[in-house]
Amino acid sequence: MNSAESSPRPGPRVGLFVTCLVDLFRPSVGFAAVKLLEDAGCTVEVPEAQTCCGQPAFNSGDRATTEALVRGLIDAFEGYDYVVAPSGSCAGMLRTHVPDLFEDDPATAARGREFAGRCHELVSFLVDVLGVRAVPAQLERHATYHDSCAGLRELKIKRQPRLLLEGVAGLAVTEMQEPEVCCGFGGTFCVKYPQVSTKMVNNKAADIEGTGADLLLAGDLGCLMNMAGRLARRGSAVEVRHVAEVLAGELDAPPIGRPADA
Amino acid sequence: MQPTSLAFQSKASSALADPNLQAALGGIKTGWQRGRILAAERLPEFEQLRDQARDIKNHALANLDFYLEAFEARVLDAGGQVHWARDAAEARRIVQEICEGAGARTVTKSKSMIAEEIGLNDHLEAAGITPVETDLGEYIIQLRKEPPSHLVGPAVHLTKDQVADLFEQTHGLPRTDDPTELVGQARTVLRQKYLAADVGITGANFLIAETGSAITVTNEGNAELTQGLPKVHVVIASLEKVIPSMEDAFTLLRVLARSATGQEFSAYTTVMTGPKRKGDLDGPEQFHVVLLDNGRTGMIGSKFQDMLRCIRCGACMNNCPVYLAAGGHAYGWVYVGPMGSVLTPQFVGIESAHTLPNASTFCGRCEEVCPVRIPLPNLMRHWREEQFKRQLVPSTVRQGLGTWGFLARRPALYRLATRVAMGVLGRLGRKRGRFASLPLAKGWTVSRDLPAPEGKTFMQQWRQRQRSRS
Ligand code: SF4
């Protein structure tokens, strides 16, 4: 394991952007992220003033609220070497969309671009920026990995989680027929168009079950909750976890949507 | 065509309950979607070709007036005529006048989305002129009195059996469900109409400024007959179809066919330049080009300019999980799928179509496959911004967003509120780990359980941990 003391330079100072879903629904993912980052030599801090990346407002066409929230984040993460989030979708918002905000405010726009350049999704940050090639995790399970859309298409996250999962002792990974097809979550989409969303998540659930895996992993809690919710409703035995939990070996919390004593 | 886009939700629900439609849509995945992937794999320079295609269209759009004037001059040189139509009504009137001038009773048409956009068929029929669709798919939906459900395959929503039933009823021949025989039947019926038609109307995939030609591609060769047999030929096309040269057209055609169906090239590429010249064996006596604006020049310089690059290949819909579930008719107007979700609000007004840019998870697959790299999700988001600005967002959604935004801007208050809420939800959900139903979350719980929160928020636990560490 990589430790901060033994490395010649002090590791980077990382501000963890927890993301609202992890903060509210699944704190274990946040702690797994802290562990992975610290193991890789980072100093991790969690700025108090963070809330949400603004995506719900942004995708609802509410630019004013989006910009107010993003401005708050830019302030909260001022001075950190990196801003890391355990979500491709929130990191995608910060990295790829923030540079297009603040059209009428050049000073903030410039700060936004500088901030965006420091933002990363957790797993791609470990692999691409820190050069992590393996984690000392172990898990005797058969998993499949879903490529969440924003991570895949906005941040090109595909190979990084697979690389690290390959190194998890005891873990077998079988690919779905269509790991890159959207699960039908889409933020507010899933409640605005529940029938279409259901069709999509049902196709996804069938694809997951078809792999024979007993564990579904992905890097975005929104998609995970959607798929876990549908799998549970179908009576499926497949368990669902955020990829960071497996990589960090933090498996104390029950799988997503399962009771503590099961 | 009156837009019915606001009914997207209910139409999508009926589409999901229609097994024929679902089977037909499933065919797109195994057919065109797969075809595109294989075609792209076979051509190592495909991605570069897409960049070139995007650049050609961007260049043409940046110099649109120049290339349009050049195109007009070349058409006139070749003995043809150019008619400028500001809007749909003007375009319909121009086409009607040309038809009346030729004393036309029947006109043959090969596939044209612009004809759909301006509602040409209904207009001609009302004027006592019978339009005959010669593209097989268009012919089928004309018989069924339906709008197209796809850019490339207007009748893609039908199964072979449904077409067999339709032909049995209309052709009065013994029922067959053999595809070749079905096509043969349609051909026989259409051949007679080609010969009887006074005017042929075609669309255009590209207009070539260098030569004054219009180019259209088909897989049935019907455009050749539509433009070659009648004595008057009308091309209807929108302004943004103009590109500089024939060479550009061939670059675009290479990405078009691969993106649309996975073919290296469409079966027939028809180049139409002016009327019949002295010594030509066939060809029309008159050659007209109707150039339609219909709001497009207003898109130049706007946030929606990128949309004018569209070459109507259909890849965005073939790869859209929402389109593949809901089908084309749910979109409620001429253009469907992701490209339709951007274009329809432009043509019919956001107040009549705001459902469409919202009918997307922003999964980004459309942008990923679009041969001219149109950022479709961003453009849909611009429509959502427009919708929000014009207060077209339902008040419940607005209030929900407002409350959430108010809290999220006040971290201390947000912490307190979320700590209390998650504490309650966590306790309620602890036993099962999830909720099968929850007030205010019906849209979610109607078909899936809602995973329960762990109870304490991350921020709460983190603070405790920091305190115990120090
Ligand atoms: S938007 Fe792109 S993918 Fe869709 S039809 Fe137009 S060119 Fe093809």
Side-chain angles (χ1 to χ4, degrees), chain A residues 18 20 22-28 30-31 46 48-52 56-63 65 68-69 72 149-150 153-154 180-182 184-202 225-226 228-230 232-233 253-254 256-260 262, chain B residues 8-9 12-13 16 321-322 325-326 358-365 367-368 378 381 383-389 393 397 401-402 404-405 407-409 411 414 418 421-422 430-434 436 441-454 456-463:
Chain A
V18 185
C20 47
V22 166
D23 177 32
L24 305 187
F25 279 85
R26 201 150 174 93
S28 337
F31 287 106
V46 184
E48 233 341 90
Q50 60 176 295
T51 55
C52 168
F58 186 56
N59 287 344
S60 302
D62 181 356
R63 267 284 173 103
T65 305
L69 287 171
C149 300
R153 301 199 175 87
E154 292 180 345
E180 296 186 0
V181 168
C182 178
F185 172 60
T188 53
F189 172 86
C190 69
V191 287
K192 264 192 253 169
Y193 295 108
Q195 292 92 342
V196 180
S197 172
T198 299
K199 167 81 177 174
M200 289 165 70
V201 70
N202 215 32
M225 288 173 61
N226 181 42
R230 184 62 199 168
R233 185 65 61 90
I256 296 168
R258 295 299 168 95
Chain B
F8 182 88
Q9 173 89 284
S13 301
L16 285 163
V322 175
N358 282 288
S360 164
T361 61
F362 285 163
C363 79
R365 181 72 183 138
E367 179 175 357
E368 192 175 50
N378 279 349
R381 191 182 294 103
W383 277 124
R384 296 188 190 182
E385 282 161 10
E386 210 46 49
Q387 176 196 13
F388 191 85
K389 252 189 245 160
V393 176
V397 176
L401 262 176
W404 165 85
L407 283 172
R409 280 197 300 270
Y414 176 89
T418 52
M422 292 307 122
R430 185 169 312 143
K431 196 133 177 270
R432 287 192 67 231
R434 57 182 186 269
K442 286 258 154 44
W444 180 285
T445 55
V446 71
S447 63
R448 63 211 127 189
D449 293 348
L450 180 70
E454 288 176 10
K456 282 187 179 166
T457 67
F458 177 87
M459 294 307 265
Q460 200 180 348
Q461 296 182 49
W462 180 257
R463 228 181 300 167

Could you pull out the closest heavy-atom pair between [X] and [Y], with the gap in Å?
X      : Y      : answer
A:R230 : B:R448 : N-CB, 3.5 Å
A:V196 : B:A12  : CG2-CB, 3.9 Å
B:G443 : A:V191 : C-CG1, 3.9 Å
A:G30  : B:F458 : C-CE1, 3.4 Å
B:K456 : A:P27  : O-CG, 3.1 Å
B:V446 : A:P194 : CG1-CB, 4.2 Å

Nearest-0.5 Å distance that lies between atom CZ in B:R434 and atom CZ in A:R258: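 That separation rounds to 6.0 Å.
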Separation between OG1 of A:T65 and CZ of B:R409, rounded to the nearest 0.5 Å: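 One gets 5.0 Å once the value is rounded to the nearest 0.5 Å.
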Name the region of [X], side chain, backbone, both or neither, that has any atom closer than 4.5 Å to a heavy atom of chain A.
X      : result
B:Q387 : neither
B:A436 : both
B:M422 : side chain
B:W404 : side chain

Heavy-atom proximity to chain B below 4.5 Å, by part of [X]:
X      : value
A:T188 : neither
A:V18  : side chain
A:R26  : both
A:C190 : both
A:M225 : both
A:F25  : both
A:A232 : both
A:K199 : side chain
A:N226 : both
A:E48  : both

Short side-chain to backbone donor-acceptor contact, A:D23 and B:M459, under 3.5 Å: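 Side chain of A:D23 to backbone of B:M459, a donor-acceptor pair under 3.5 Å: yes, one is there.
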Side chain B:R384, main chain A:G61, donor-acceptor under 3.5 Å: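 Here the side-chain-to-backbone pair does not exist.
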Audit row: A:Y193, B:V322, side chain to side chain contact (heavy atoms under 4.5 Å, CB included) steps and yes/no: CA-CA 10 Å; A:Y193 295 108; B:V322 175; over 6 Å; no
Side chain to side chain contact (heavy atoms under 4.5 Å, CB included) assessment of B:T361 paired with A:M200: CA-CA 11 Å; B:T361 61; A:M200 289 165 70; 4.0 Å; yes
Aromatic plane relationship, A:F185 with B:W444 - under 30° parallel, 30 to 60° tilted, over 60° perpendicular: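 Perpendicular, since the angle between the ring planes exceeds 60°.
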Any residue meeting ring pair (Phe, Tyr, Trp, His ring centres under 6.0 Å) with B:F362, in chain and number order, not counting sequence neighbours: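 Partners of B:F362 by the ring pair (Phe, Tyr, Trp, His ring centres under 6.0 Å) criterion come out as none, since no residue qualifies.
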Carboxylate-amine/guanidinium contact A:E180 B:R365, below 4.0 Å: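 A salt bridge is absent here (no side-chain N lies under 4.0 Å from a carboxylate O).
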